[in-house]
Participant: 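Provided herewith is a single structure, encoded as structure tokens, for subsequent inquiry.
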Amino acid sequence: MHRTGIFFHYEDGERLRDFPQALDGILDKDNVFFHDAFYPSKPPSSCDLVPIPERWLYQVHSPEMVKRVRAIGAFEGALFSASGTVAASMRIWRGEIDNAFVFTGYGDHHAGKDSFGGGCCFNGAAIAIQQLRQQFGARRLAIVDTDPHHGNGTWEIFEDDADVLYVCFCSGSSRHQNNNANVQVPLKVSDDEYLGLVEESFLPRATAFEPETIFWNWGYDGTQGEYGDIGLTPGAHVRLAQALQKAADDLCRGRLVVVLCGGRRRDLARRLIPQAIRVLAGQQPQHILDRG
Ligand SMILES: [Zn+2]
Ligand SMILES: [Zn+2]
């Protein structure tokens, strides 16, 4: 049984409107810990999510870029999004929890050293990795990216850094550089093909790399009917969660940080996120997955 942290902050948008209420039946479990910044209806067992110091941003992003994020009014949401990922990875490192799901208002993988866009402002996983290195001496961290779009920001940040394994599954052509790997996904795939691709392209690389923690940039925008539709059914995401949690169990004592990336539909968020968290927490996913 894993101890699972859930990191949540209020997002001024549609897709997370049903949360945290949609986590009923999960939050009351003894192995689930809820960290929340603003939400008015905090469960009694919740802890506060505090923002990271601004200077931590500058270890990954340029001061000019941070200024531009402020100018579009996204600073606070982006800061709390990154803060959730940093707090999750530090608590895991200290052994307080085993894995985590991070709700974000602004995702990660399009945010580079000096550029942002596509709903991503700060690169939470990259900021977390810098802190794990500085504060705890972490050496080998892995990021697996199953959002259907290319993680150009994450790629740029780590392209010269062989101590981070970054494996991106997207439509761009396959290439490899310094433990950054891009794995080309067909424009339409079946669940089985996609799962097979992740298993054959991520698992052997991760096994050889021996990561200390795995970050999973999880976007559900590749689901049928979403803006990045590559043909996946909702059930594919639960199978992915099972496969990646198993990889973390086998390789790094279960240490998995799931960072919510792309996806717009509120109904899919309500349906998929609790399932993914159930997998992390070792609860049985409910099996209504392949319908609709
Ligand atoms: Zn890519
Ligand atoms: Zn995406």
Side-chain angles (χ1 to χ4, degrees), residues 11 13-16 18 81 101-111 117-120 123-125 142-155 166-175 180-203 205-206 214-247 256-280 285 288-292:
E11 184 201 18
E14 250 324 274
R15 74 170 170 172
L16 299 181
D18 297 312
S81 297
F101 187 94
V102 184
F103 286 86
T104 61
Y106 297 93
D108 270 40
H109 72 163
H110 297 309
C120 304
N123 199 307
I143 305 172
V144 55
D145 185 340
T146 64
D147 183 293
H149 301 102
H150 180 55
N152 57 315
T154 306
W155 185 283
Y166 176 52
V167 184
C168 175
F169 292 86
C170 68
S171 60
S173 44
S174 295
R175 61 194 164 118
N180 271 25
N182 203 69
V183 179
Q184 185 163 29
V185 178
L187 293 176
K188 288 287 174 213
V189 279
S190 69
D191 291 356
D192 286 343
E193 282 171 307
Y194 191 81
L195 265 291
L197 204 54
V198 172
E199 284 181 2
E200 81 199 28
S201 304
F202 176 65
L203 296 186
R205 284 186 170 93
I214 298 172
F215 293 82
W216 175 20
N217 273 359
W218 173 54
Y220 64 87
D221 43 331
T223 316
Q224 293 171 13
E226 265 282 1
Y227 60 90
D229 183 350
I230 54 171
L232 298 177
T233 73
H237 299 287
V238 180
R239 291 172 62 191
L240 267 178
Q242 289 167 328
L244 294 173
Q245 182 61 57
K246 180 171 188 318
L256 179 68
V257 182
V258 185
V259 182
L260 176 62
C261 288
R264 186 173 290 148
R265 279 173 49 184
R266 176 175 167 176
D267 63 316
L268 281 176
R270 187 176 61 232
R271 188 168 167 193
L272 291 175
I273 292 172
Q275 299 287 4
I277 292 174
R278 281 179 198 279
V279 172
L280 298 192
I288 37 142
L289 293 167
D290 298 319
R291 275 188 266 147

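Everything quoted here is computed from the prediction, not taken from an experiment.
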Participant: Please report the closest heavy-atom contact between Ala247 and Leu203, naming both atoms and the distance.
Facilitator: CB-CD2, 3.5 Å
Participant: Of all the heavy-atom pairs spanning Phe215 and Ala125, show the shortest one and how long it is.
Facilitator: CD2-CB, 4.0 Å
Participant: Do Leu16 and Leu260 have side chains that approach each other closer than 4.5 Å (heavy atoms only, starting at C-beta)?
Facilitator: yes
Participant: Using only atom types and a distance under 3.5 Å, with no angle test, would you say the side chain of Asn123 pairs donor to acceptor with the backbone of Ala111?
Facilitator: yes
Participant: Closer than 3.5 angstrom, by distance alone: can the side chain of Asp108 be matched with the main-chain N or O of Cys120 as a donor-acceptor pair?
Facilitator: no
Participant: Atom CZ in Phe101, atom CD1 in Ile273: separation rounded to 0.5 Å?
Facilitator: 4.5 Å
Participant: Considering residues at least two apart in sequence or located in another chain, which fulfil the ring-ring contact (aromatic ring centres under 6.0 Å, His included) criterion with His237?
Facilitator: Trp218
Participant: Do you know which two heavy atoms are closest between Arg270 and Asp18, and how far apart they sit?
Facilitator: NH1-OD2, 3.0 Å
Participant: Taking Tyr166 for its side chain and Val144 for its backbone only, find out whether a donor-acceptor pair lies under 3.5 Å.
Facilitator: no
Participant: Just by distance, no angles: are the side chains of His109 and Asn217 close enough, under 3.5 Å, to form a donor-acceptor pair?
Facilitator: no
Participant: For Cys168 versus His149, what's the shortest heavy-atom pair and its separation?
Facilitator: SG-O, 4.3 Å
Participant: Of Arg265, Arg266, Arg264, which meets side-chain hydrogen bond (donor to acceptor under 3.5 Å, both in side chains) against Glu14?
Facilitator: Arg266
Participant: Rounded to the nearest 0.5 Å, how far apart are CG of Leu268 and CD of Gln224?
Facilitator: 10.0 Å
Participant: For the pair Ser81 (side chain) and Gly105 (backbone), establish whether a donor and an acceptor sit closer than 3.5 Å, ignoring hydrogens and angles.
Facilitator: yes
Participant: Do the side chains of Ile214 and Phe202 get nearer than 4.5 Å, heavy atoms only?
Facilitator: yes
Participant: Give, for atom CZ of Arg15 and atom CG of Asp267, the distance between the pair rounded to the nearest 0.5 Å.
Facilitator: 13.0 Å
Participant: Would you give the length of the straight line joining atom CG of Asn182 to atom SG of Cys170, rounded to the nearest 0.5 angstrom?
Facilitator: 3.5 Å
Participant: Please report the interatomic distance CZ(Phe169) to OG(Ser201), rounded to the nearest 0.5 Å.
Facilitator: 5.0 Å
Participant: For Val183 versus Arg205, what's the shortest heavy-atom pair and its separation?
Facilitator: CG2-NH1, 4.2 Å
Participant: Would a 4.5 Å heavy-atom cut-off, applied to side chains only, mark Tyr220 and Arg271 as touching?
Facilitator: no
Participant: For the side chain of Asp191 and the backbone of Thr233, is there at least one donor-acceptor N/O pair under 3.5 Å apart?
Facilitator: yes
Participant: Quick one: which residue pairs count as a salt bridge (Lys or Arg N to Asp or Glu O under 4.0 Å) with a foot in residues 216-240, not counting sequence neighbours?
Facilitator: Lys188-Asp229, Asp192-Arg239
Participant: Will you find, in the side chains of His150 and Asn152, an N or O donor that is under 3.5 Å from an N or O acceptor?
Facilitator: no
Participant: Atom CG of Asp145 and atom CG of Asp147: how far apart are they, to the nearest 0.5 Å?
Facilitator: 6.0 Å
Participant: Between Pro234 and Leu272, what is the shortest heavy-atom contact and its length?
Facilitator: O-CD2, 3.4 Å
